[in-house]
Amino acid sequence: GEYTISIFQVVVLALLISWVAAVIVIPYLGYHLLPAHPHGGRHAKTGSGSHSPGHGHWFTRLPVIRNLVSISTNFYTHFRDIVEWCITWRKTVIVITIALFAVSVFGFKFVQQQFFPSSTRTEILVDLKLAEGSSYWATEREVKKMEAFLNQEKDLYFNYASYVGTGSSRFFLSLDQQLPAPSFAQFVITSKDLAAREKLREKLIAVLEGPDFTGLRGRVLRLENGPPVGYPVQYRVAGEDLVRIRALADQVAAAMRADAALSNVNFDWNERAKVIKLDIDQDKARALNVSTQDLANFLQTSINGVSVTFLRDRDRLVEVLLRGSEAERGKLSQLQNLAVPTRSGKSVPITQIATITYDFEEGIIWRRDRLPTITVRADIYDGQIQPGTVTARLAPRMAELSKDLPPGYRIEVGGAVEESAKGGASVASGVPLMLLTMLTLLMIQLQSIQRMILVVLTAPLGLIGVTAALLLFNKPFGFVAMLGTIALSGMIMRNSVILIDQIEQDIKAGHNAWDAICDATVRRFRPIVLTALAAILAMIPLTRSVFFGPMAVAIMGGLTVATALTLLFLPAAYAAWFRIAKPAAS
């Protein structure tokens, strides 16, 4: 709603105002501004405030105008012949149209799928992730190295902000905020323009893949529109046993690394963290009057420190920590030399009551539906390839891995593909109400179930032009393009209603059904084409938009083809539906 509600608001207001203008303002202006008809009308009778009945005669005598009138007359004559041919060979026209629709459905598989395009804002995000368990100071050293690199590229950006141990606060609606972690840092860089953004982005990708940042995983991101996705390609591996799901995640990661379009393949659990374990001899500890809680409090105070008070520095409070000296805290070798105070007032070496060992453990365990779940994630740096295309390429391999999974284990698709499916489902939930409203209005307008069905059947034919246009201009089909396609179906049905209503009026006026179809199609050719052309031309400025470009291309292509089908296929379908035969020549 935050992104697309404006489309509906503008369209509803524009259509309501245009309806008022069409039924009130335009007739009023025409009554006062257009010349009187030579055979009658208000001005012809009174002559007040108008030109003479022969006003247009000199105008039509101009050679250029006569030529234009002749060309127009010939065009409509030929067009009527084409319409009559379509009605005569109606089965052929219908079969060709259905075949084109089938080809477009098949060809739609080759259209790249997209959730939301990247934002056109000039900010760049750079994420730095060290090994799990890395200290704040180790992360800060890497941040200073990145700052030194950025200071050499000052001609490409205005400013930057670095965050150590956490990510940026939410300055953009769809920002994918990161959880605080000592091993994480993030940069927000404001480039000078889009060209500078792309140039700086390429340099950052190159330097992070170089020898200067081998001890971390770096990401270079544009801001994204739509709900935050994070990594565009994701697979979730879930199951009970941690060792088994990590082994399975390794296979998934190997399949992802084999695809050249993916970069930064990693797990959200990351590496196992280094830990120091103390195996306490409870008998000795009780003999020396040292409890497990006493030992834990002592280690917390010596290594991390405990807050004892605060000092006020003007408008700030400075925390005062009680902890061991830096030599004790900074060297693991000094841990075994620590003396633990007892309740009797004496101290004993820590090695007398505990055995110190070194080990690895999971630094973090994510659960989904109460099952341990590892998410295998990857970036796509090639802007021409969409996450849906890569996911489709990996689908056979993932299906092969899923086939041999034991009960309780599964591999699920996440990332942009999953979010796109959620967006499509949210739109689909409103489709029944949309169809009910649309069918009700068509029934009120057409007063016939058969004609209503005929109009509705023309709506999907716009897919022929949508598929062709998206493939021709190499545009992805995303959430916004889907909304444009839905709007396109309304435009197509509007043209169909205009044509069918004219046919019905001519038949009621006493015209032969065959001639009524041909004459109504010729008569409605200009308004149908002009309204379609106005919509198509209005979309041209949007084709350069990153956000609305795919929608504009989809509407332009679909409306172009659908307009032609309305004028050629619909007369043939109408004649076939109502079994209208060509009258015998008199």
Side-chain angles (χ1 to χ4, degrees), residues 115 127-135 176-184 214-219 228-280 355-380 387-422:
F115 184 35
D127 292 352
L128 304 180
K129 185 66 175 72
L130 279 68
E132 196 69 34
S134 298
S135 67
D176 182 26
Q177 286 189 284
Q178 302 297 318
L179 295 176
S183 59
F184 177 78
T214 55
L216 55 82
R217 182 180 69 251
R219 298 183 69 202
V229 175
Y231 286 84
V233 179
Q234 299 181 21
Y235 289 93
R236 292 190 296 270
V237 182
E240 291 286 352
D241 186 68
L242 300 184
V243 176
R244 177 169 287 185
I245 64 172
R246 185 173 281 276
L248 183 59
D250 287 333
Q251 298 181 50
V252 174
M256 295 173 68
R257 291 189 181 101
D259 195 300
L262 297 180
S263 305
N264 286 338
V265 180
N266 65 91
F267 302 159
D268 62 342
W269 286 17
N270 301 313
E271 306 80 10
R272 302 181 72 189
K274 300 174 184 177
V275 293
I276 300 174
K277 293 185 177 180
L278 274 72
D279 185 11
I280 302 174
T355 302
I356 300 174
T357 58
Y358 303 97
D359 201 357
F360 291 89
E361 69 178 14
E362 299 293 349
I364 185 171
I365 298 177
W366 289 103
R367 285 180 168 84
R368 188 182 181 91
D369 297 334
R370 295 187 296 179
L371 280 178
T373 304
I374 296 179
T375 302
V376 189
R377 314 170 297 182
D379 280 316
I380 298 178
T389 303
V390 178
T391 303
R393 289 203 301 241
L394 294 172
R397 175 57 179 160
M398 298 305 166
E400 183 180 343
L401 292 175
S402 301
K403 184 171 56 177
D404 300 327
L405 290 180
Y409 292 79
R410 60 178 181 266
I411 299 176
E412 300 174 338
V413 177
V417 173
E418 181 182 44
E419 292 298 326
S420 180
K422 291 180 181 178

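For the numbers below, each heavy atom of this structure counts, side chains included, while hydrogens, waters and symmetry mates do not.
A donor-acceptor distance shorter than 3.5 angstrom exists from the side chain of Y409 to the backbone of D241, with no hydrogens or angles considered.
Screening T375, I374, T373 for a side-chain contact (heavy atoms from CB on, under 4.5 Å) with W269, the sole residue that qualifies is I374.
Atom CD1 of I245 sits about 9.0 Å away from atom CD of E240, to the nearest 0.5 Å. Rounded to the nearest 0.5 angstrom, L128 CG and R219 CZ are separated by 11.5 Å. Atom CG of residue L394 and atom OG1 of residue T389 lie 11.0 Å apart, to the nearest 0.5 angstrom. For the atom pair CG of N264 and OH of Y231, the computed distance is 5.5 Å after rounding to the nearest 0.5 Å. Atom CD of E418 and atom CZ of R236 lie 4.0 Å apart (nearest 0.5 Å). Of the inter-residue distances, the one linking K129 atom NZ with S134 atom OG reads 7.0 Å to the nearest 0.5 angstrom.
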Taking distance alone, no hydrogens or angles, what donor-acceptor pairs closer than 3.5 Å link side-chain atoms of residues 398-407 to residues at least two apart or in another chain?
{"from": "E400", "atom 1": "OE2", "to": "R397", "atom 2": "NH1", "distance (Å)": "3.4"}
{"from": "S402", "atom 1": "OG", "to": "M398", "atom 2": "O", "distance (Å)": "2.9"}

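The two residues V417 and G388 have their closest heavy-atom pair at CG2-CA, 3.8 Å. In terms of heavy-atom proximity, L242 sits nearest to P372 at CD2-CB, 3.6 Å. Scanning both residues, R368 and R410, for their nearest heavy atoms gives O-NH2, 4.3 Å. When all heavy atoms are compared, the tightest approach of I380 to P387 is CD1-CA, 3.7 Å. Taking all atoms of both residues into account, the shortest heavy-atom contact from A261 to V390 is CB-CG2, 4.1 Å. Across all their heavy atoms, P232 and D379 have their closest contact at CD-OD1, 3.7 Å.
Residues meeting the side chain to side chain donor-acceptor pair (under 3.5 Å) test with R393, sequence neighbours left out: D259.
By the 4.5 Å heavy-atom criterion applied to side chains, D279 and T357 are not counted as neighbours. Residues F360 and K274 meet the side-chain proximity criterion, which asks for heavy atoms closer than 4.5 Å.
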